[in-house]
Amino acid sequence: MSAPALLVLVRHAESARNIAKKGSVYFADDAARQVVRGVPDHLIELTADGHKQAQQTGHGIRERFGAFDYVFTSGYARTEQTAEGILEAYTAAERAAMRVKTELFIRERDPGFAYDMTTAEAEAAFPWLNEYWQTFGGFMARPPGGESLADVTGRVHMFLNTIARDHAGQKIMVVTHGGTLRCFRFLLEGWSYSQAQSWPAGGAPANCGVTTYRDGGAGAGLELEDYNRVYWTVGSSTDGI
């Protein structure tokens with residue numbers, strides 16, 4: 001089985017919306033959501049600390065891995081800004097040699113109709129949702145009008161097939177999202193459904209957390225080298241997905 005020689009997955013840096021939500025599924029109240037109300041998910045930007053996280057992470061990544069052949073982002077503002085911050089650590093010549101591309105398949109899950117709701121609004125609009133979520137779990141359940149992580153896994157699978165076909169032997173960096181990272185791990189590490197239901201305690205990816213896979217050779221495919229390494233010293237480590 002062909003595979004990239006190196007696959008580095010980076011979660012985006014600290015974002016404005018996740019700070020406003022303080023790690024919760026919904027906004028606590030109307031005051032909490034005012035800063036980002038009406039801004040679609042793909043246009044949510046990094047905080048000032050998030051930009052610093054990306055820049056500091058770039059120095060760690062360059063020192064450890066050198067330049068990449070390709071850098072993929074989801075096209076969401078927060079992943080593009082994270083990639084830009086990381087690449088600031090490279091020389092102009094190094095940057096010119098790396099191809100940066102947008103890949104729709106690695107975007108975050110569609111959050112659905114409750115995207116801009118407070119907890120009280122979501123509970124009033126979808127009184128059955130908590131029981132449904134408890135029944136089907138965090139991997140299979142779909143938010144109303146949105147995607148399950150199982151749905152996201154389908155498109156991540158297509159992305160992995162594409163880079164195996166088109167980028168065998170190359171060094172690839174992917175800047176993506178927390179939920180999407182769980183889907184990558186499900187596929188690359190052969191997780192069961194029960195493993196994928198939620199992150200284990202303390203196991204959620206940090207802002208700008210770096211996860212590394214290398215080709216094991218002899219047809220072994222990509223193997224986990226390390227998970228969620230952090231290179232920065234500012235801002236918040238976790239801010240939701």
Side-chain angles (χ1 to χ4, degrees), residues 4 6-24 32 35-36 39 41-92 94-95 97-98 100-103 106-109 171-185 188-189 198-214 224-241:
L6 173 71
L7 176 63
V8 175
L9 305 178
V10 184
R11 187 194 173 209
H12 65 78
E14 181 181 271
S15 72
R17 180 179 174 87
N18 295 143
I19 288 298
K21 290 172 67 178
K22 303 186 189 310
S24 298
V35 175
V36 292
V39 181
D41 200 25
H42 65 283
L43 296 182
I44 295 294
E45 298 189 342
L46 298 184
T47 64
D49 278 346
H51 285 285
K52 293 175 184 176
Q53 289 173 354
Q55 291 164 348
Q56 292 179 4
T57 300
H59 291 289
I61 286 177
R62 181 176 182 267
E63 181 178 346
R64 182 177 175 190
F65 303 114
F68 292 85
D69 295 293
Y70 280 82
V71 177
F72 291 94
T73 78
S74 70
Y76 283 33
R78 57 192 183 273
T79 64
E80 292 186 329
Q81 291 172 352
T82 300
E84 289 166 5
I86 290 170
L87 293 177
E88 286 179 13
Y90 290 83
T91 67
E94 288 171 331
R95 292 186 65 166
M98 291 187 278
V100 180
K101 300 184 69 175
T102 297
E103 178 49 73
I106 59 172
R107 69 189 187 278
E108 186 57 281
R109 83 192 305 174
K171 296 167 65 177
I172 307 296
M173 180 168 67
V174 173
V175 185
T176 186
H177 306 263
T180 313
L181 272 165
R182 202 190 312 176
C183 302
F184 271 103
R185 296 199 71 189
L188 290 170
E189 299 172 44
S198 62
W199 292 109
N207 294 317
C208 257
V210 178
T211 298
T212 305
Y213 295 87
R214 291 188 189 271
L224 181 67
E225 182 170 282
D226 66 359
Y227 170 66
N228 202 29
R229 182 174 295 195
V230 171
Y231 293 95
W232 52 262
T233 58
V234 295
S236 170
S237 62
T238 57
D239 64 355
I241 61 173

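This is a predicted model, so every value here is computed, not measured. Side chains included, hydrogens not; waters and symmetry mates left out as well; all remaining heavy atoms used.
- A salt bridge is absent between Glu108 and Arg78; no separation between the charged side-chain nitrogens and carboxylate oxygens falls under 4.0 Å.
- Residues Arg229 and Arg64 form a side-chain contact, since some pair of their non-hydrogen atoms from C-beta on lies under 4.5 Å apart.
- Considering all non-hydrogen atoms of both residues, Pro205 and Gly178 come closest at CG-CA, 4.0 Å.
- Using a 30° and 60° split on the angle between ring planes, Phe65 and Phe68 fall in the tilted class, from 30° to 60°.
- Although no hydrogens or angles enter the test, the distance criterion places a donor-acceptor pair under 3.5 Å between the side chain of Gln81 and the main chain of Leu46.
- If you take NZ on Lys52 and OG1 on Thr57, they are separated by 13.5 Å, rounding to the nearest 0.5 Å.
- The minimum heavy-atom distance linking Asp226 with Leu224 is given by the pair O-CD1, 3.5 Å.
- In this structure the side chain of Val35 never reaches within 4.5 angstrom of the side chain of Ile19, judged on heavy atoms.
- Looking at heavy atoms from C-beta onward, Arg17 lies out of side-chain contact with Val39 at the 4.5 angstrom threshold.
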Side chain to side chain contact (heavy atoms under 4.5 Å, CB included) between Trp232 and Asn207, worked out: CA-CA 9 Å; Trp232 52 262; Asn207 294 317; 4.3 Å; yes
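- Using modelled atom types, one side-chain atom of Asn228 and one backbone atom of Ala206 make a donor-acceptor pair closer than 3.5 Å.
- Across Thr79 and Thr176, no two heavy atoms sit closer than the pair CG2-O, 3.8 Å.
- Side-chain atoms of Gln53 come within 3.5 Å of backbone atoms of Glu14 as a donor-acceptor pair (strictly under, hydrogens ignored).
- A donor-acceptor pair under 3.5 Å links the side-chain atoms of Thr180 to the main chain of Arg107, judged by distance alone.
- For the atom pair Lys101 NZ and Thr73 OG1, the distance stands at 11.5 Å (nearest 0.5 Å).
- Between Ala13 and Gly50, the shortest heavy-atom contact is CB-O, 3.1 Å.
- Nearest heavy atoms, Ala83 versus Val71: CB-CG1, 4.5 Å.
- Shown here is Lys171, whose NZ atom has more than 12 heavy atoms of other residues, nucleotides or ligands within 6.0 Å.
- A distance of 5.0 Å separates OG1 in Thr102 from CD in Glu80, rounded to the nearest 0.5 Å.
- At least one donor-acceptor pair under 3.5 Å links the side chain of Tyr90 to the backbone N or O of Gly66.
- Between His177 and Tyr76, the angle of the ring planes goes over 60°, which puts this pair in the perpendicular group of the 30/60° scheme.
- Scanning both residues, Thr82 and Ala54, for their nearest heavy atoms gives O-CB, 3.6 Å.
- Checking side-chain atoms of Tyr227 against main-chain N and O of Gly203 turns up a donor-acceptor pair under 3.5 Å.
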Test Arg95 against Glu88 for side chain to side chain contact (heavy atoms under 4.5 Å, CB included), laying out the working first. CA-CA 9 Å; Arg95 292 186 65 166; Glu88 286 179 13; 4.3 Å; yes
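- Here the OG1 atom belonging to Thr47 is positioned 10.0 Å from the CG atom belonging to Asn18, to the nearest 0.5 angstrom.
- To the nearest 0.5 angstrom, Leu181 atom CG is 6.0 Å from Trp199 atom CH2.
- A distance of 6.5 Å separates CG of Leu188 from CG of Leu7, quoted to the nearest 0.5 Å.
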